[in-house]
Every structure is written in C-alpha cells, then in structure tokens.
Amino acid sequence: MTLVSEVRLRQILDSRGNRTVEADVITESGGFGRAAAPSGASTGEYEAIELDPTEAIASAREHAVPRLEGQVYVGDQRDVDRTLGAADGTDDFSEIGANSAVAISMAAAKAATDVLGTPLYQHLGGAFRGDELPTPLGNVVGGGEHAADATAIQEFLAAPVGAPSVQDAVFANAAVHQEVHDRLDGRGIAAGKGDEGAWAPSIDDDEAFELVDAAVETVAEEFGFEIRFGLDMAGAELYDADEEAYVYRETTRDADEQIAYVADLVDEYDLAYVEDPLDENDYEGFAELTDRVGDRTLVCGDDLFVTNVERLRTGIEQEAANAVLVKPNQIGTLSDAVDAVELAVENGYRPVISHRSGETEDTTIAHLAAATAAPYIKTGAVGGERTAKLNELIRIEQNVSTP
Ligand code: PGA
Ligand code: ZN
C-alpha cells in the first residue's frame, strides 16, 4: 500500500452557498482521492468543532499535512485517522477543525480505493459488504432551522420500508415529494424548498401530518409496497431552556407533555422513525419515550449522541433510544464514525447514516452506509447534492447484484 505524497486543501461551495473544505489526497503511486466536508445548521452542542474554512485549512496545513505526507499509508484508514487526531491534539478537533479532518479522512479512503481498484464501500467494509443496503429516509416537508416560516418540526421523512430495492425506495421518496407538492398546489398553498430540498410551506404541523400521511398512502398504493413516514423533531432547537419547554408556533409543551405528544403521534400516524424528539441533554426523557414506543418505532439520537461513542455509551446504559444517527463530520473521521456504528450494532441500536443540511456532491456516506450494512440512510429526496448520494446507492445496488 502506498504512502500519502500530497494533501491539497481548498475552499469550495456547499449547497447553501457557504464555503467549505475540500481535500485531495494523492499517493506516491499516483492514487487520487477527493472529498468535501458537509455542514449542519441545527448543529448539536456536543459536536466536533467546525472552524471557519480559512482557519481550518491553515491549521490543517500547519499541524496535520506534514504528519501525513510521506508518513502514512492510505490503505490503513485507522492510521490516517489516528494521525489526524494526534495532529489536532484536542478531543473535539477544535485545532484543525472537524471540517478539515473529515475531508482529509474521506479523501484518504478514496485514494486507497483508487490504488486498490475496489469500490469505496468494499474498502471500508470488507470484501463481503454491500450485501445489505439501507432504506433511504426522504425529507419531503420541513422547517425548523432549515426554512423560515414553515413547520416547527424540522423534517417529515418518507420511509419506504416495504421497498423491494434501493432503487424503488429512492423513486418512491421522490414520488412522495412530488405528491406533497401536488396536494399543496391543490390547496393553493405556495411552497419554496428548505435547505435539504423538502417543501417548506407556511403551514402548521397538524396540516403537515395530514398532508404527508395522505401523500404516503397514495404513493404506497401506486408503487405497491409499504411506505410509512417519520420525523426529525430536532428537539434541541425547539427546546427553550429558560422556559423549560418545547416552543411550537402556537403552543408550548413541557417535557412530559412533549413525551406524551410524540407517543400519540407515533400511534396516530404509525410513525416508523422519530429523531431527536427531546432536547440533547435529556437522556431521561429519551428513555421514557423509548420505553413507551420503542417496540414499534425507531427512536433515534442525533444531537443527543453526535456520533460520539462516549455519549452513545451513556445512552445505551440509560436505554435512551434504539437508533443512532451517524454523521462523520460530527465526530471528525471515518474511523470514529465506524466505531459509533459498531458500538450501536453490538448493543441492538440501529445505525442511520446521515447527510447534513449543507452538502456537496460528495458521495462518501452512500458507501459508508453500504460498508456498515446500516439499515437506514438519511440523505434527502431530491436536489443535486442529495441525488448524488441516492444515485450512488442505486449504482452500488446494481454493482452488488450483477456480478
Ligand atoms: P443539520 O440537520 O445538518 O442542519 O444539523 C440535519 C439533522 O438535524 O439531522
Ligand atoms: Zn437531526
């Protein structure tokens, strides 16, 4: 396996038009890998630190690049990632920036695949991976931090749980997205799109539930398989610590009321998935909700766990959830993200690999999901930076099913 010969860093645009870090990793044998960091808007308090891209690049050039060039073999991903961690020297990548770290980590993995001539999912997961592919959760309506003057709940996610293939699931989610639009149109409600491409109409949550429920049913009939839906409530964004309450458009709910509200929603709409139903500090509230509905829906921690094995371990001890969102840039490297997946799986938690609201054309998370046999991936329904990953999953599916 060959040594890293050069790491090149630059700023490019993400899907929101913000600058982000892109890395090229070049090997002594001429291997090449390129990757870019995504960026969140409803960012968890405990995430690894994203620095201003100018600072992140300058710091990574000073501290990390000299430790990689001529020193580290690209095929040894753990060594690449350990080197990034040692070069940074903090526990949250606040020195070189999680944005520089994750871009370099992912670019190194791609450079290795270029040298090895294997697909990325196989390099990350081993020869037999790619056999189980994730069900995509498609964001079709939303608001919160992703769109102004829209629903209080951040994301309504189509969940095509009965789809016979990834390709069918991807097409079904796009059809639900379209069906929601047609129904909004029929009611004379104009809607732009939020950061992830979901419709962001100025309607309340109740109307959104009714709309998505109907859209999902229509498309399920058309496609002939079961489609449910789920939510990302982004509870930490709804929660007002001073008021000790979750603040919606017209009402507020204290923690007990929030738990009861979500439990009722799970039953009323047969929700397949509920992400961050409570604040990122409320392990207890998560545990109570999971106790109530965890047998019939996924209760997933995003801001609660931030892809961090320490926080996930606390959650496992407290039986806080039954699923974990995995975002490589929340923790800084691919190795750390895989560690979170492995800890989750060992403890019966379902890993859900995820994009961020600010994305690029980078497709690494599609490969990470296939490599880890994750049962779900959250990467939008439409929009170029979202379809980049969805279309890559369709290609991976074809690749593994047609030898
Ligand atoms: P973010 O949102 O990327 O803006 O943090 C996505 C999510 O909360 O899952
Ligand atoms: Zn989330």
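The structure presented is a predicted model; accordingly, all values stated were derived computationally and were not measured. Just so you know, ligand 1 is whichever comes first in the structure, and atom 1 is the first atom listed for that ligand.
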Using a distance threshold of 2.8 Å, what protein N/O/S atoms lie below it relative to the Zn ion (ligand 2)? D232 OD2, E275 OE2, D302 OD2
Quick one, list the residues around ligand 1 where some non-hydrogen atom comes in under 4.0 Å, by chain and residue number. G40, A41, S42, H146, Q154, E155, E196, D232, E275, D302, L325, K327, R356, S357, K378
Taking the side chain from Q154 and the backbone from D232, do they hold a donor-acceptor pair closer than 3.5 Å? no
Within 45° cone and under 6.0 Å: R253 NZ/CZ vs Y246 ring: no
Tell me whether the guanidinium CZ or amine NZ of R311 lies under 6.0 angstrom from the six-membered ring centre of Y46 and within 45° of its axis. yes
Hey, can you tell me if F209 and F156 have their rings parallel, tilted or perpendicular (30° and 60° cut-offs)? perpendicular
Would you list the atom pairs, donor with acceptor, under 3.5 Å between side chains in residues 319-326 and any protein atom, with sequence neighbours excluded?
unit_1 : atom_1 : unit_2 : atom_2 : d
N322   : OD1    : V299   : N      : 2.7
N322   : ND2    : G294   : O      : 3.1
N322   : ND2    : T297   : O      : 3.1

Whether the side chain of S100 engages the backbone of A56 through a donor-acceptor N/O pair (distance < 3.5 Å, no angle test) should be reported. yes
Result of checking I104, V74, T83 against V4 for side chain to side chain contact (heavy atoms under 4.5 Å, CB included): V74
Residues two or more places apart in sequence or in another chain: which of them pass side chain to side chain contact (heavy atoms under 4.5 Å, CB included) with A245? E243, T252
When you measure from the side chain of T372 to the backbone of L368, do you find a donor-acceptor pair of N or O atoms at a distance under 3.5 Å? yes
